[in-house]
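Structure record follows, encoded as structure tokens.
Since the model is a prediction, treat every value here as computed from it, not as a measurement.
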Amino acid sequence: MRFRALIAVAALPLLANAPLQTATPMAAVSPMQPSDGYELGANDEVEVTIYGPGQQQNQAVRTRIKEDGTITLPFLGAVQARDRTARQLAEQITGQLRSGGYFTKPSVNVDVTQYVSNVVTVFGQVGSPGIYPLDRLQTVGMAVARAGGGRSDGADYVILRRRGDPVEHHIPFDSLTGDLSTATTVQPGDTLYVPVAPVVFVYGQVNSPGSFTVRSGMTLRQVLARAGGPTLAGSQNKITIYRSDQKVKKADLDAPVQPNDTIYIHERFL
């Protein structure tokens, strides 16, 4: 049984006077070598099943890897498990049982029952938020896709938080494509968060007033179009934006809107 923990998500607050996207460029990431599976680490839980000719039943041991990277097994005592895949560990145990003279033809199976050390957490507005094992080389885009991809009510970027890095990196979805040599790869302990998409509010002389989800760089003209455009009595030359404690009169139609803007379209003759 593979371990997966769904976690409750609380939407991060968006500052009303913050731009829709404050992307922080990622530092260059050194290429990672492909792996043939999840590499075990401290606190991971494994189940080791040993079968040898002459045994009446299999010997199964479920144990957690210690901080020094070892597990304790019958016959062998402490066995180094860190940085091995399940297959590599099974081969190692098989060899040690054979070379120690315990069995001539031992059969060993290793299953990872809890992933703890080398995982990435993906949560927020994705299809299946949770904790995912890094059992292969993964880019940020691959990790988000593995979690079901972004939802329609989610922002068009993902926030990457990394251990030892105080900066939150905002990575647009449209930049997640690319091969492994150029895309940002995830590392053990990374957290990926897709926040709720920001909204603006449109009222006054428009055909479809209400709140609207906006994307990065969306202009006032585009938002006005989503609201059905001005009514016959309305004027796109008389628009006021209420932004936090500011009031922007005669707003520029080609200027980008900001989260939580309240946009009011006045009557043509006022």
Side-chain angles (χ1 to χ4, degrees), residues 2-26 29 115 118-163 165 167-180 182-203 206 208-228 256-263:
R2 293 181 178 273
F3 169 74
R4 181 176 294 175
L6 294 183
I7 52 180
V9 178
L12 293 180
L14 288 168
L15 297 178
N17 58 354
L20 284 184
Q21 179 186 317
T22 54
T24 304
M26 287 294 299
V29 180
Y115 297 93
N118 295 316
V119 295
V120 59
T121 302
V122 188
F123 67 114
Q125 306 308 304
V126 293
S128 299
I131 299 174
Y132 291 86
L134 289 178
D135 52 2
R136 70 198 72 165
L137 180 64
Q138 293 182 53
T139 65
V140 170
M142 291 166 63
V144 172
R146 194 174 186 182
R151 290 177 9 190
S152 59
D153 57 348
D156 57 353
Y157 60 91
V158 57
I159 298 173
L160 168 62
R161 300 190 185 106
R162 178 159 288 171
R163 289 175 182 170
D165 187 351
V167 179
E168 288 186 346
H169 301 277
H170 292 223
I171 306 175
F173 277 164
D174 59 11
S175 72
L176 294 181
T177 57
D179 57 34
L180 293 174
T182 58
T184 300
T185 51
V186 290
Q187 299 177 6
D190 280 357
T191 297
L192 299 174
Y193 174 72
V194 179
V196 175
V199 296
V200 295
F201 307 90
V202 184
Y203 297 107
V206 287
S208 300
S211 61
F212 298 90
T213 297
V214 292
R215 300 301 177 188
S216 301
M218 187 171 284
T219 65
L220 177 58
R221 188 187 304 275
Q222 292 171 320
V223 171
L224 189 60
R226 292 191 65 183
V257 295
Q258 296 183 11
N260 298 324
D261 275 354
T262 297
I263 301 165

Below 30° counts as parallel, above 60° as perpendicular, anything between as tilted: where do the rings of Phe123 and Tyr193 land? tilted
Let me confirm one number: the OH-CG distance from Tyr132 to Leu192, rounded to the nearest 0.5 Å. 11.5 Å
Looking only at heavy atoms, which two atoms of Met142 and Leu137 are closest? And how far apart? CE-O, 3.3 Å
Pairing residues for Arg151 by the salt bridge (charged side-chain N to carboxylate O under 4.0 Å, His left out) criterion, not counting sequence neighbours: Asp153
Which heavy-atom pair separates Val206 from Ala227 by the least distance, and what is that distance? CB-O, 3.9 Å
Asp190: what forms a side chain to side chain donor-acceptor pair (under 3.5 Å) with it, not counting sequence neighbours? Arg162
Could you tell me which non-hydrogen atom of Val223 sits nearest to which non-hydrogen atom of Val202, and how far apart they are? CG1-CG2, 3.6 Å
Partners meeting side chain to side chain donor-acceptor pair (under 3.5 Å) with Arg221 (sequence neighbours left out): Asp254
CA sep, side-chain torsions, deciding dist, call: Arg146, Asp135, salt bridge (charged side-chain N to carboxylate O under 4.0 Å, His left out): CA-CA 12 Å; Arg146 194 174 186 182; Asp135 52 2; 3.1 Å; yes
To the nearest 0.5 angstrom, please state how far the OH atom of Tyr157 sits from the NE2 atom of His169. 14.5 Å
Please round to the nearest 0.5 Å and tell me the distance separating atom CG of Leu160 and atom CD of Glu168. 9.5 Å
Rounded at 0.5 Å granularity, tell me how far OG1 in Thr191 sits from CZ in Arg163. 8.5 Å
Where is the tightest heavy-atom contact between Ser175 and Ile171, given as atom of each residue plus distance? OG-CG2, 3.6 Å
In terms of heavy-atom contacts, Gly154 and Ala197 come closest through O-CB, 3.4 Å
The reported gap from CD in Gln187 to CG in Leu134 (rounded to nearest 0.5 angstrom) is 9.5 Å
Of the non-hydrogen atoms in Pro133 and Val119, which two are nearest, and what is the gap between them? CA-CG1, 4.1 Å
Could you point out which residue of Val122, Val144, Val126 forms a side-chain contact (heavy atoms from CB on, under 4.5 Å) with Val158? Val144
